[in-house]
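Inspection log for the structure reproduced underneath, given as structure tokens.
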Amino acid sequence: MAEHIKIVEVGPRDGLQNEKQFVDTAVKIELVDRLAAAGFQNVEAASFVSPKWVPQMADGAAVMAGIDRRPGTIYSVLAPNLRGFEGALAARADEVVIFGAASEAFSQRNINCSIAESIARFEPVAAAAKEAGMRLRGSISCALGCPYQGETPVAAVVDVAERLLRLGCDEIDVADTIGVGTAAQVGRVLRAVGQVADLGTRVSGHFHDTYGQALANILAALDCGVRIFHSSVAGLGGCPYAKGATGNVATEDVLYLLRGQGLHTGVDLDAVVDIGQWISERIGRPTSSRAGRALALKKA
Ligand SMILES: CC(C)(COP(=O)([O-])OP(=O)([O-])OC[C@H]1O[C@@H](n2cnc3c(N)ncnc32)[C@H](O)[C@@H]1OP(=O)([O-])[O-])[C@@H](O)C(=O)NCCC(=O)NCCSC(=O)C[C@@](C)(O)CC(=O)[O-]
């Protein structure tokens with residue numbers, strides 16, 4: 001039996017958060033529902049952050065209220081503070097994502113506080129999530145490089161990973177926010193993180209594709225033993241606080257790669273290709289998934 005890889009589909013959150021034109025709530029709801037129906041175990045559906053900071057995510061409560069929950073699917077939401085957690089709890093999110101950074105400068109730009117302050121802010125969120133029986137995930141932005149500070153020291157990533165694990169995170173994301181990392185660097189960072197967390201069950205790879213390295217980075221991470229990856233349908237996305245960074249690695253490309261590796265995801269690639277075409281039309285830009293484009297052409 002083929003080994004299972006968990007894909008966390010982050011398109012509805014990471015993919016859409018940077019869209020300048022407000023995407024209708026109904027479109028966001030349909031996107032989440034179609035992705036869940038395509039077989040993703042985990043869909044990152046919304047953010048409970050300040051609407052002044054990220055206006056596109058202002059309708060998180062409405063999105064969560066409108067989705068048709070599939071039993072067994074984990075619907076995750078971002079919560080940077082207790083106010084966000086209260087939103088997540090009211091919305092009946094299955095998983096709360098606290099998001100820090102391995103770079104001080106990025107932490108300031110993204111969540112307006114230092115790394116130490118962010119951990120202190122996450123503490124009550126983590127405790128409340130555990131108390132409520134919710135899953136808790138911790139994201140480490142700029143784990144491979146920062147738009148303001150350059151390459152991130154490996155020790156800084158391990159330090160934040162340890163702090164997030166101490167807060168009780170079930171999973172931590174090693175995130176290449178601006179897509180600058182290369183395979184050798186991924187290996188170095190993950191081997192170091194592997195000293196403090198089990199790479200096979202508690203660490204996920206979150207790669208953006210700005211420099212076209214994301215698939216190579218996924219292979220490097222697989223080699224290190226990582227079995228959870230994040231991706232975004234049609235390669236949607238970009239971070240509002242990382243100028244020039246493009247979207248997450250496209251889900252269609254990742255599924256195509258993993259299928260070729262003989263690995264199992266439980267996700268219907270054909271359905272994801274259709275969803276990629278549909279959402280690209282809705283937001284008025286072509287898909288950035290090469291596999292998505294090729295497979296759609298083949299179907300047509
Ligand atoms: C963290 C804060 C709130 C600090 O922002 P702040 O200005 O320092 O916080 P504040 O407590 O002074 O609040 C400012 C205003 O926001 C409100 N507020 C405060 N909290 C909330 C909340 N939860 N929900 C709704 N509203 C909130 C609060 O009520 C107040 O409203 P006002 O009094 O001015 O009307 C802000 O910086 C923020 O919201 N940042 C979010 C940035 C963000 O969402 N970035 C993108 C997601 S992270 C990412 O994409 C990276 C990742 C995860 O994908 C991995 C990777 O690739 O790197």
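Whatever order the structure lists them in is the order used to number ligands and atoms, beginning at 1. Side chains are part of it too, since the values below use all heavy atoms of this structure and drop only hydrogens, waters and symmetry mates.
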Can you list the atoms of ligand 1 that are under 4.0 Å from a heavy atom of [X]?
| X | answer |
| --- | --- |
| Pro80 | 1 (C) |
| His208 | 57 (O) |
| Asn112 | 6 (P), 7 (O), 8 (O) |
| Leu78 | 47 (C) |
| Ile111 | 1 (C), 4 (C), 37 (O) |
| Ala175 | 55 (C), 56 (C), 57 (O), 58 (O) |

Taking atom types as modelled, find out whether [X] and [Y] have a side-chain donor-acceptor pair closer than 3.5 angstrom.
| X | Y | value |
| --- | --- | --- |
| His230 | Asp14 | no |
| Ser204 | Asp173 | yes |
| Ser289 | Asp253 | yes |

Where's the contact between [X] and ligand 1, heavy-atom distance under 4.0 Å: side chain, backbone, both or neither?
| X | answer |
| --- | --- |
| Met57 | neither |
| Thr177 | both |
| Val97 | neither |
| Ser141 | both |
| Ser50 | both |

Given 3.5 Å as the limit, does a donor-acceptor pair link the side chain of [X] with the main chain of [Y], or not?
| X | Y | answer |
| --- | --- | --- |
| Ser76 | Glu44 | no |
| Asp170 | Arg137 | no |
| Asp59 | Ala62 | no |
| Asp209 | Gln213 | yes |
| Ser232 | Asn248 | no |
| Tyr75 | Arg70 | yes |
| Thr265 | Ile5 | no |

Determine, considering heavy atoms only, which of [options] sits nearest to [atom].
| atom | options | result |
| --- | --- | --- |
| atom 32 (P) of ligand 1 | Arg13, Lys52, Glu44, Gln56 | Lys52 |
| atom 42 (C) of ligand 1 | Leu144, Asn110, Val49 | Asn110 |
| atom 1 (C) of ligand 1 | Arg83, Gln17, Arg109, Arg121 | Arg121 |
| atom 7 (O) of ligand 1 | Phe85, Phe48, Trp53 | Trp53 |

(message) Do Lys28 and Phe22 form a cation-pi contact, if we require the NZ or CZ to be under 6.0 Å from the six-membered ring centre and within 45 degrees of the ring's axis?
(response)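 Geometry flag: set, cation within 6.0 Å and 45°.
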Please indicate whether any nitrogen or oxygen in [X] is less than 3.5 Å from any nitrogen or oxygen in ligand 1.
| X | value |
| --- | --- |
| Ser47 | no |
| Gly84 | yes |
| Asp14 | yes |

(message) Within this structure, what is the CD1-CD1 distance for the pair Ile218 and Ile7, rounded to the nearest 0.5 Å?
(response)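 Reported value, rounded in 0.5 Å steps: 7.0 Å.
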(message) When you measure from the heavy atoms of Pro51 to every atom of ligand 1, does any distance fall below 4.0 Å?
(response)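 So Pro51 counts as touching ligand 1.
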